[in-house]
Amino acid sequence: MFCNACAHLRWLRALAVARACGIMGAMTRDWRRLGEALKAARAERGMEQQDVAEAIGVKRGALHNIEKGAIARVTPTVLAYARLVGWTDPSVEAVLCGGDPVLREDEEANPARTETAPEAPASDLSVLVQQSLREGPLLDARVAEVRTPSGKVRATIVIRGEDGATDEELLAALRSLRIDVTTEE
């Protein structure tokens, strides 16, 4: 049983993700990539699919669906699978958005890395942008590929809230956010 405050926070997070996905149109999560990464992490640890299924309390078919990307949302089962292979909870979202998972032992060695957007090489981003990517609670992140006449362009969008803001204030800010990714032909 979950407390009302926990349920409220889960609802706000789900709403923020849904809102961001709707705002950002063509940007989608890569469920197949997540499944492949979880499968690789399982194999790396020498775990069989059946053992993982039993450990997290699901049938092997459910695990198979996760591994092939035949899911459409992050469930407690997906989070349990990620934890079992040593990932932190934010790793699921990071992998869905094109980043890499953070192992719990990496988190303990470098706690500043948790809940942050995947880091780009320092030479790619200005100091101001790097600082901005580390500030405030991470609400969502998306990567969009836009096809243009001369090739593909990738847009990375990281949505962070203000430290100390209430859940209601963060939700209101997300509701007012509009991001359009368009190309001129």
I'd like to know if the side chain of Arg32 and the backbone of Gly69 have a donor-acceptor N/O pair within less than 3.5 Å.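 No: the side chain of Arg32 does not pair with the backbone of Gly69.
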Side-chain donor or acceptor of Arg104 paired with backbone N/O of Thr88 under 3.5 Å: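 Side chain of Arg104 to backbone of Thr88: no pair is present.
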Less than 4.5 Å apart, side chain to side chain, heavy atoms only: is that true for [X] and [Y]?
| X | Y | value |
| --- | --- | --- |
| Val52 | Val58 | no |
| Val74 | Arg29 | yes |
| Ile56 | Leu63 | yes |
| Leu103 | Trp87 | yes |
| Leu79 | Pro76 | no |

Rounded at 0.5 Å granularity, tell me how far [atom1] in [X] sits from [atom2] in [Y].
| X | Y | atom1 | atom2 | answer |
| --- | --- | --- | --- | --- |
| Thr77 | Lys59 | OG1 | NZ | 13.0 Å |
| Glu67 | Arg60 | CD | CZ | 9.0 Å |
| Cys97 | Arg33 | SG | CZ | 9.5 Å |
| Glu36 | Ile66 | CD | CD1 | 14.0 Å |
| Thr75 | Tyr81 | OG1 | OH | 12.5 Å |
| His64 | Gln49 | NE2 | CD | 7.0 Å |

Decide if atom CD of Glu48 counts as having more than 12 heavy atoms of other residues, nucleotides or ligands within a radius under 6.0 Å.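 Not more than 12 within 6.0 Å, no.
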Would you name the heavy atoms of Leu34 and Val78 that are closest together and state the gap between them?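 The pair with the smallest heavy-atom distance is CD2-CG1, 4.1 Å.
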If I compare all heavy atoms of Asp100 with all of Ala94, which pair ends up nearest, and what's the gap?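 Nearest pair, atom of Asp100 first, then Ala94: O-CB, 3.8 Å.
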Verdict with reasoning, Arg42 to Leu84, per side-chain contact (heavy atoms from CB on, under 4.5 Å): CA-CA 9 Å; Arg42 173 180 60 78; Leu84 191 65; over 6 Å; no
